[in-house]
Every structure is written in structure tokens, then in C-alpha cells.
Amino acid sequence: MECRILSGIKPTGQLTLGNYIGALKNFKNFQDQGECFIFIADLHALTLPIEPDTLRTNSRDIAAFYLAAGLDPNRCNIFLQSHVSAHAELNAIMQNFLYMGELSRMTQFKEKSQKLNQEKIGLGLFAYPVLMASDILLYDATIVPVGDDQTQHVELTRDLAKRFNNRYGNVLVMPKAVVTKVGARIMSLSDPTKKMSKSDQKGDIYLKDNPNIIRKKIMSAVTDSESIVRFDRTNKPGISNLLTIYASIKEISIEEAEKNFINANYGTFKSAVADAVIEALEPFQKQYYEYLNSGYVDLVLEKGANRAREVSNATLKRVHDAVGLL
Ligand code: AMP
Ligand code: TRP
């Protein structure tokens, strides 16, 4: 079978530079490796409270960001998870094959649920990995490009596929997570021990930030008192994070990035990082706004959903037959 690539982003907030480096920027490179399914995980966005208007805006935003990042609707199926009912249907079956013990050990669940009133943890948040596994398995995806925070979910999907196939024969295709070498985990600029995420902090660069703001945020990034630009995650988390950002954007190794700044002070270094980020994001943002205001996004989503339905319904049928649903 040819290789199938699948990934998604959930429309829970403003996309960050972390999403760009860890996910978006790499997606286009997969388009020639096999059939690509890149979706917007809008059902997953409901696992934490979100305003309807925010969800709608974020969902269309991500579609436009996908296009701006170079995804070509003729070579890649871009769609909304909620437009393809097979996701919810496979979820209903697969929830019987993952266990509460396993789900309660997921790092993402532990982190997200900790912040909530323990009486009010939604079942959907707990069962998040079941839906994610369904997303992946529906497309017989062999390659799942994700940032390193998502590999645990892909591992669980593999366990599920194995468990299901042991019971019912060779029904599901085994997926594999592919994590980018440099930039799998971009940290907050104000607290480089925390992941840069859609949800919070002043030290996060948003993909819609204008160049002045981006520069300001990078120039005030937390560093250390050593004033040598070298990579050392433990002792120099701030500088290491900036080096990672620089290397990923320039598509060079960390070592090469270090060499560029052997005698540079932190001000010069930060300024070069800001230049690199702005240079990459400016054309990207321009394209994003063009797509967003064009109406093209809806056409792309419709076309993507049509193809996604074809493929996912075939898998769903296989699963129905395997478990004995008439
Ligand atoms: P999320 O924002 O959790 O929906 O993530 C969407 C995709 O972006 C996933 O593949 C994540 O692993 C990736 N991602 C999110 N935040 C970061 C980050 N700070 N660094 C690298 N990749 C990230
Ligand atoms: N859980 C992913 C995230 O938070 C988003 C996602 C949902 C996903 N379903 C997926 C990613 C399937 C890859 C494959 O980033």
C-alpha cells in the first residue's frame, strides 16, 4: 500500500511559533511522499470550554494557515474533523478497546485536568486519545507528523491497533509518529521551562503578531548571565530555545547555528533571531490574510471532506465487519 500521511491541529487558540516550527512548516514536505490528510481537530477543541465564535474563527484560521504554509489542495486533503462523521463513529467503537488505566496515565490529560475542578473533568478530555486514535486509524495512516508532546498519543494508537488486530485479524494499519529533528519542542520566551502554547503567556509568539511585537518579544526573551551563545538545555534553556528557533527557521543544524554566533553578544544574537523569524513569518502572514479573505478556504474544506469521507467510510466498513456489526 502507498504511504498515507495524517496530522491535525486543534483550533483551541491562536497558533504560535511553536505550532509553525513543530507542525505547520513541515507538513508541505510530506505532500510528495504519499496521500496526505491534514485536518482541523475541531471536535477535539470541545474537550475544554470554548466560545462558539472563537471555535468558528480559529477553525477557518487554521485552514488558511495550512494553505499559507504551502499545503496544496490538489496534493493534500484539508478538512474539518466534524465534517467527516466516521471520526465520531469509529470513536464510539474504539472507546471499548482503550482502558481507563491507560487513559489516566496520558501526560496531556494529567496536565490539562490538573487545572480543572476535579468534579468537572469532561469525559471527552479523558477520552481525547480515543478520538485521536480514530482520526489516525481511519486513514490507514502510516506516517503521523507531530511535535514531541503528541508521540505518547500515537504510541497509544499503536497499542490500540495491535490489540484490535490480535482480536480481529489484520484490520487496522500500524501508524508511526514522525517528529522533526530540530524544533519539536519550542519553549516560552518568558519561561523557557514551559512549552510555548496557544493558551497563555506573554512570552509566546503568535502567528498573527506583527513584526514589531515579534521583535519586542524576542528581544526581551529570558536568557542567562553567561553571555556565550551555546546550546545547553539544562543550564541555558533560554539561549538553547532561541538557538532552536533560529536553526529550525533557517533549516540548519544547532551546531551550525552556534557557529554563526561564536563572538556575538546576546543583543546581537536575539536581533538575528528576530530577523529570521520575521523574514519567515511576513510572507506567510500575507498569504494567510489573502486566503482568509478569499472564500477559497470553504471550497478547499469541502473538497477535502469529500475525499476524507471516501477513505474513512471504507475503513469504518472494515471495522464494522470485523466486530460483527450488521
Ligand atoms: P496543539 O497546539 O497542541 O494543537 O498542537 C498542534 C501541533 O503543533 C502538534 O503537532 C504539536 O506537537 C505541535 N506543537 C504545539 N506546540 C508546540 C511547541 N511549543 N513546539 C513544537 N511543536 C508544537
Ligand atoms: N492532539 C493533537 C494536538 O493537540 C491534535 C490531533 C488530533 C492530532 N488528532 C490528531 C494530531 C491526529 C495528529 C493526528 O496537537
Side-chain angles (χ1 to χ4, degrees), residues 4-27 30 36-48 50 55 58-59 61-62 65-66 69 79-82 84 87-88 90-91 94 106-109 111-112 124-125 127-158 160 175-201 203-207 237 240-241 244-245 247-249 308 312:
R4 288 252 178 83
I5 298 104
L6 174 125
S7 195
I9 296 182
K10 58 180 185 303
T12 43
Q14 298 290 323
L15 292 199
T16 69
L17 184 66
N19 293 120
Y20 179 76
I21 291 176
L24 275 176
K25 175 175 161 302
N26 313 308
F27 287 164
F30 289 97
C36 246
F37 294 85
I38 304 287
F39 70 103
I40 297 145
D42 53 354
L43 291 172
H44 273 121
L46 292 170
T47 57
L48 288 173
I50 184 165
L55 178 54
N58 291 348
S59 296
D61 262 4
I62 295 185
F65 276 131
Y66 281 158
F79 63 97
L80 284 159
Q81 187 183 32
S82 64
V84 182
H87 289 251
L90 190 65
N91 180 66
M94 289 308 160
M106 291 292 111
T107 310
Q108 182 172 303
F109 172 70
E111 279 173 10
K112 301 234 149 117
L125 184 67
Y128 186 110
V130 183
L131 181 57
M132 179 157 165
S134 305
D135 299 338
I136 296 170
L137 297 169
L138 274 176
Y139 298 90
D140 296 332
T142 41
I143 296 179
V144 184
V146 282
D148 75 348
D149 60 323
Q150 294 300 317
T151 53
Q152 197 184 27
H153 288 153
V154 181
E155 281 307 310
L156 192 64
T157 306
R158 290 169 61 86
L160 168 62
K176 194 168 180 306
V178 174
V179 181
T180 40
K181 283 194 201 72
V182 177
R185 199 170 175 78
I186 301 299
M187 311 308 276
S188 161
L189 298 179
S190 53
D191 179 356
T193 60
K194 278 186 21 207
K195 197 184 100 167
M196 187 180 284
S197 76
K198 291 180 206 136
S199 47
D200 23 71
Q201 317 126 157
D204 295 353
I205 294 178
Y206 296 104
L207 292 184
S240 304
N241 189 39
T244 306
I245 292 173
S248 331
I249 297 263
S312 58

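Order of appearance sets the numbers: ligands from 1, and atoms from 1 within every ligand.
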Less than 3.5 Å between some nitrogen or oxygen of [X] and one of ligand 1, yes or no?
X: K198; answer: yes
X: N19; answer: yes
X: I186; answer: yes
X: M187; answer: no

Measure from [atom] to every heavy atom in [options] and give the option owning the shortest one.
atom: atom 10 (C) of ligand 2; options: Y128, F37, F39, Y139; answer: F39
atom: atom 14 (C) of ligand 2; options: D135, L6, L43; answer: L6
atom: atom 12 (O) of ligand 1; options: D149, T180, T151; answer: D149
atom: atom 10 (O) of ligand 1; options: G147, S7, S248; answer: G147

Note: I136, heavy atoms under 4.0 Å from ligand 2, region reported as side chain

Counting heavy atoms under 4.0 Å, the part of V154 that contacts ligand 2 is neither

For [atom], what's the nearest protein heavy-atom neighbour? Residue, atom name and distance, please.
atom: atom 21 (C) of ligand 1; answer: A184 O, 3.0 Å
atom: atom 23 (C) of ligand 1; answer: G18 O, 3.4 Å
atom: atom 7 (C) of ligand 2; answer: H44 ND1, 3.3 Å
atom: atom 3 (O) of ligand 1; answer: K10 NZ, 3.3 Å

Atoms of ligand 2 less than 4.0 Å from [X] heavy atoms?
X: A41; answer: 7 (C)
X: K10; answer: 3 (C), 4 (O)
X: G8; answer: 5 (C), 6 (C), 8 (C), 11 (C), 13 (C)

Any N/O pair H153/ligand 2 closer than 3.5 Å:
no

| Rounded to the nearest 0.5 Å, how far apart are CG of L207 and OH of Y20? |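 Rounded to the nearest 0.5 Å, the CG-OH separation comes to 8.5 Å.
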
Report task. Could you tell me which atoms of ligand 1, counted from 1 in the order shown, lie closer than 4.0 angstrom to a heavy atom of I9? Result ->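 Answer for ligand 1: 4 (O), 6 (C).
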
Verify the distance criterion only: is there a donor paired with an acceptor across the side chains of [X] and [Y] at less than 3.5 Å?
X: T12; Y: K198; value: yes
X: S82; Y: D42; value: yes
X: D149; Y: Q108; value: no

Q. Parallel, tilted or perpendicular: which fits the ring planes of F37 and F79, with parallel below 30° and perpendicular above 60°?
A. perpendicular

